[in-house]
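Right, one structure below, let's go through it.
Here is the naming used below: chain letters follow the sequence lines, and residue numbers restart at 1 for every chain. Worth saying up front: this structure is predicted, and the values here are computed from it rather than measured.
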Amino acid sequence: MGWNFNDNTPIYLQIINGLQREIASGAYPPGSRLASVRELALEAGVNPNTMQRALAELERQGLVNSQRTAGRFVTEDTAALSALRRSMSDEIIADFFRSMQSLGLSNEEILSLVQDWVLEHSKEEH
Amino acid sequence: MSMLECTALSKNYGSVEALRSIDLTLESGRIVGLVGPNGSGKTTLIKLAQHLLTPTSGMITIDGMIPGPQTKAIVSYLPDRDFLPQWMNLDELMTFYHDFFPDFNPAKAADMLDTLGVSGRQPLGKMSKGTREKVQLIFTMSREAKVYLLDEPIAGVDPATRDYILRTILSNYSENALVLISTHLITDVEPILDEVVFLQKGTIELHENADALRERTGKSIDGYFREVYRCWGN
């Protein structure tokens, strides 16, 4: 049912991550209205109070804002959105470099491998 | 506000102490998991709350009242076995619930039964076990109750039915109600819980916010209990 959660992190943190990804990717576009807490909770298969807690944290981070009667909206603050995208991609890059370094590769070698990969891939696509 | 309260609550069956002087306060608006191995006192506690048993000593109250007809009017109870007359068909059950419970919402029940695709003329006893459990849950959740007592709602059903049941609970409980779910299948209910109460040999080992427990221990609730209580079965 709903999203998959791993065992060792509080669920609300995993929900925050999931929603941040949806916002960063534009699956929830800037200025769009979020479903109600109850609907979101049902979709994720979690307790509404847990969803509420996650949304409150996103609000605190300035990624969503609530308008008392109309509901919750994704921020239209482009600076906040690009900061989010930046910090999420930094995390992914750090993970990637850690894995590559564990194979014994230097940063220079990794970079040139990445470039080769991109070139090869763009050939495949066209 | 506190919806279910136990003070030094004990229940003995002859010389067997099923519950030993437990103190417990559960608030409204929460989904609480009542977990513990077989024989730890889960069903006894629920039956005391539903006035199917009376305490040996101590006290239990629902919304400030001693269990009785007044509390049954605000408590929707799903026992751990078939509890509705098996000869009744769905139309008769609708009338039955409508007559018994002023908080029954027939439109809601009809809507869910419709989605489930069972016919009004079929008697309960002729349905498959899975369908029967779904039907009983639908009637239980179609009451706009203040307290839902669900005794082992997901025991012995297939994964798709289990999802259906959890989803039905999540989408239908009244906003400010207390939902108490007893189970030994912790993993399955973990994401929907606010709080968890762990019973062991008739005493409360732990009562904590579900996410706080995961944060404190770095483990799933299920994983934590498996580690702490090695004898954990099922």
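Among all heavy-atom pairs drawn from B:D211 and A:R53, the shortest one is CB-NH1, 3.9 Å. Of all the heavy atoms in A:L42 and B:L170, the pair that sits closest is CD1-CB, 3.9 Å. The nearest pair of heavy atoms linking A:Y12 to B:E215 is OH-OE2, 3.9 Å. Here the closest heavy-atom approach between residue A:G45 and residue B:P191 is recorded as O-CB, 3.5 Å.
For the side chain to side chain contact (heavy atoms under 4.5 Å, CB included) with B:R214, the lone residue among A:L13, A:T9, A:I11 that qualifies is A:I11.
Heavy-atom contacts from other residues, nucleotides or ligands closer than 6.0 Å to CZ of B:F100 number 12 or fewer. With a 6.0 Å radius and a threshold of 12 heavy atoms from other residues, nucleotides or ligands, A:R21 has its CZ atom at or below the threshold. Under a cut-off of 6.0 angstrom, the local environment of CZ in B:R216 is crowded, with over 12 non-hydrogen atoms contributed by other residues, nucleotides or ligands.
With a 4.5 Å cut-off on non-hydrogen atoms, B:I31 touches chain A through its backbone and its side chain both.
Checked by atom type and distance alone, the side chain of B:D194 never pairs as donor or acceptor with a backbone atom of A:N49 at under 3.5 Å.
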